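Shown next, in structure tokens, is the structure this report addresses.
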Amino acid sequence: MALLVSSWSNGVQSVPKDYVMPPEKRPGDFVSVCNEIPVIDLQENANIDRWDIIQQIHKACQEFGVFQVINHGVSEKMMEDMRVLYHEFFNMPIDDKLGLFSETSNVASGCSLFTSGLDYHKEDVHYWRDTLRHPCHPLEECTPSWPEKPARYREEVGKYAVEVRKMGFKILDMIAEGLGLNKGYFNGVSEEQAMAINHYPPCPDPSVAMGFGDHTDPNLITFLQQDQYGLQMHKDGKWLGVDPIPNAFVVTICYQLEIISNGKLKSAEHRGVTNSTEPRTSIVTFFGPNHTLPIVVEPAKELVSSTNPQVFKAYQYNNFITNYLAYLNKPLPRSETPLDPYRL
Ligand SMILES: O=C(O)CCC(=O)C(=O)O
Ligand SMILES: [Fe+2]
């Protein structure tokens, strides 16, 4: 537990040496907010109909692999309640969190509170973050593993998970239609829903530490709400800062969507940096195929033709996840990406 950054970092004057990243993994010069990352209003009006919104989403998925949504249907009150709840959670006395703590991230199973990356003791340098992670669907099976404190946790997070699922499926339908696929096309590969709540305490020197290193999420699609600046996206060799718009969700295209779209949509590489003044919390929801079932993922047949040859082969999702986790443990610099073994 003493390992949690939030348990020891308050008031520290310098970054401990096992949190000082080697130069190639540091955040580099300050990256300001990029106003080009699309912000899409999901509310139809007299001038904008559903098809216009689908086109905006499609363009953003092709050009950036990321966009923000507003008027998305999840109530502002609920998003604010989540911010307040997780502020309270990360500020609870250590004893209240002890039962949840795990020294490894335990990604595949139940609820865990961990720090840094996948396996703290195997790392040379650590990330400046603590994370609570748990599955969210089916709700009745998941909630018994969730935190018991704050007392309203299970009720509030349960409602939020349901609302985010509705929004997620609505946006996935629009992505499907933008690709020329039927509504509901992604239903079979978005069954699994999990949340990760990343907490980054203020860091005395954000230029040498890293909150969350570069990565692309392995699942289908990710929705993130954030209370402070810190998320950056990689595009055309540059890092772009994502504006922390209150009550917006950042939508990120992940590896499975790039593969199913036969490379038409781009997955987005991203990272989280720290700041020296304010704690930052990102509340992240992931949707993807059920990793406990032998689900086959492959490019949509409708998107493959003689002029658009298939660029990825079919594989089992659980095999992809095993390879992805092994990839994350490989030392830098890595010569290939987790997508490469699946290219034709
Ligand atoms: O905290 C952030 O902004 C990034 C979080 C993230 O990329 C993740 O949880 O996969
Ligand atoms: Fe991520």
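In each ligand, atom 1 is the first atom listed, and ligand 1 is the first ligand listed. Everything quoted here is computed from the prediction, not taken from an experiment. Reckoned from all heavy atoms, side chains included, excluding hydrogens, waters and symmetry mates.
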Under a 4.0 Å heavy-atom limit, does [X] contact ligand 1 with its side chain, its backbone, both, or neither?
{"X": "Leu224", "result": "side chain"}
{"X": "His215", "result": "side chain"}
{"X": "Arg271", "result": "neither"}
{"X": "Thr131", "result": "neither"}

May I ask you to check if Arg129 and Phe212 form a cation-pi contact, with NZ or CZ under 6.0 angstrom from the six-membered ring centre and within 45° of the axis? yes
Spacing of Leu4 atom CG and Leu113 atom CG [to the nearest 0.5 Å]: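 Rounded to the nearest 0.5 Å, the CG-CG separation comes out at 5.0 Å.
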Taking the basic N atoms (NZ, or NE/NH1/NH2) and the acidic carboxylate oxygens, is any pair closer than 4.0 Å for [X] and [Y]?
{"X": "Arg152", "Y": "Glu155", "answer": "no"}
{"X": "Arg343", "Y": "Asp340", "answer": "yes"}
{"X": "Glu80", "Y": "Arg83", "answer": "yes"}
{"X": "Glu177", "Y": "Arg50", "answer": "yes"}

Got the closest protein heavy atom to [atom], with its distance?
{"atom": "atom 9 (O) of ligand 1", "result": "Asn198 ND2, 3.0 Å"}
{"atom": "atom 8 (C) of ligand 1", "result": "Phe212 CE1, 3.4 Å"}
{"atom": "atom 3 (O) of ligand 1", "result": "Arg280 NH2, 2.8 Å"}

Taking Phe320's backbone N and O only, do any of them form a donor-acceptor pair with Asn323's side chain (distance below 3.5 Å, no angle check)?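 Here the side-chain-to-backbone pair does not exist.
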Do any nitrogen or oxygen atoms of Tyr200 lie less than 3.5 angstrom from nitrogen or oxygen atoms of ligand 1? yes
Just say parallel, tilted or perpendicular for the rings of His72 and Phe249, cut-offs at 30° and 60°. perpendicular
Within the 2.8 Å cut-off the protein N, O or S neighbours of the Fe ion (ligand 2) are His215 NE2, Asp217 OD1, His270 NE2
Chi angles and distances behind the side-chain hydrogen bond (donor to acceptor under 3.5 Å, both in side chains) call for Arg280, Ser282: CA-CA 7 Å; Arg280 170 171 184 266; Ser282 62; 4.6 Å; no
Is there a ring-ring contact (aromatic ring centres under 6.0 Å, His included) between Phe90 and His87 once you walk through the steps? CA-CA 6 Å; Phe90 283 103; His87 177 83; 9.6 Å; no
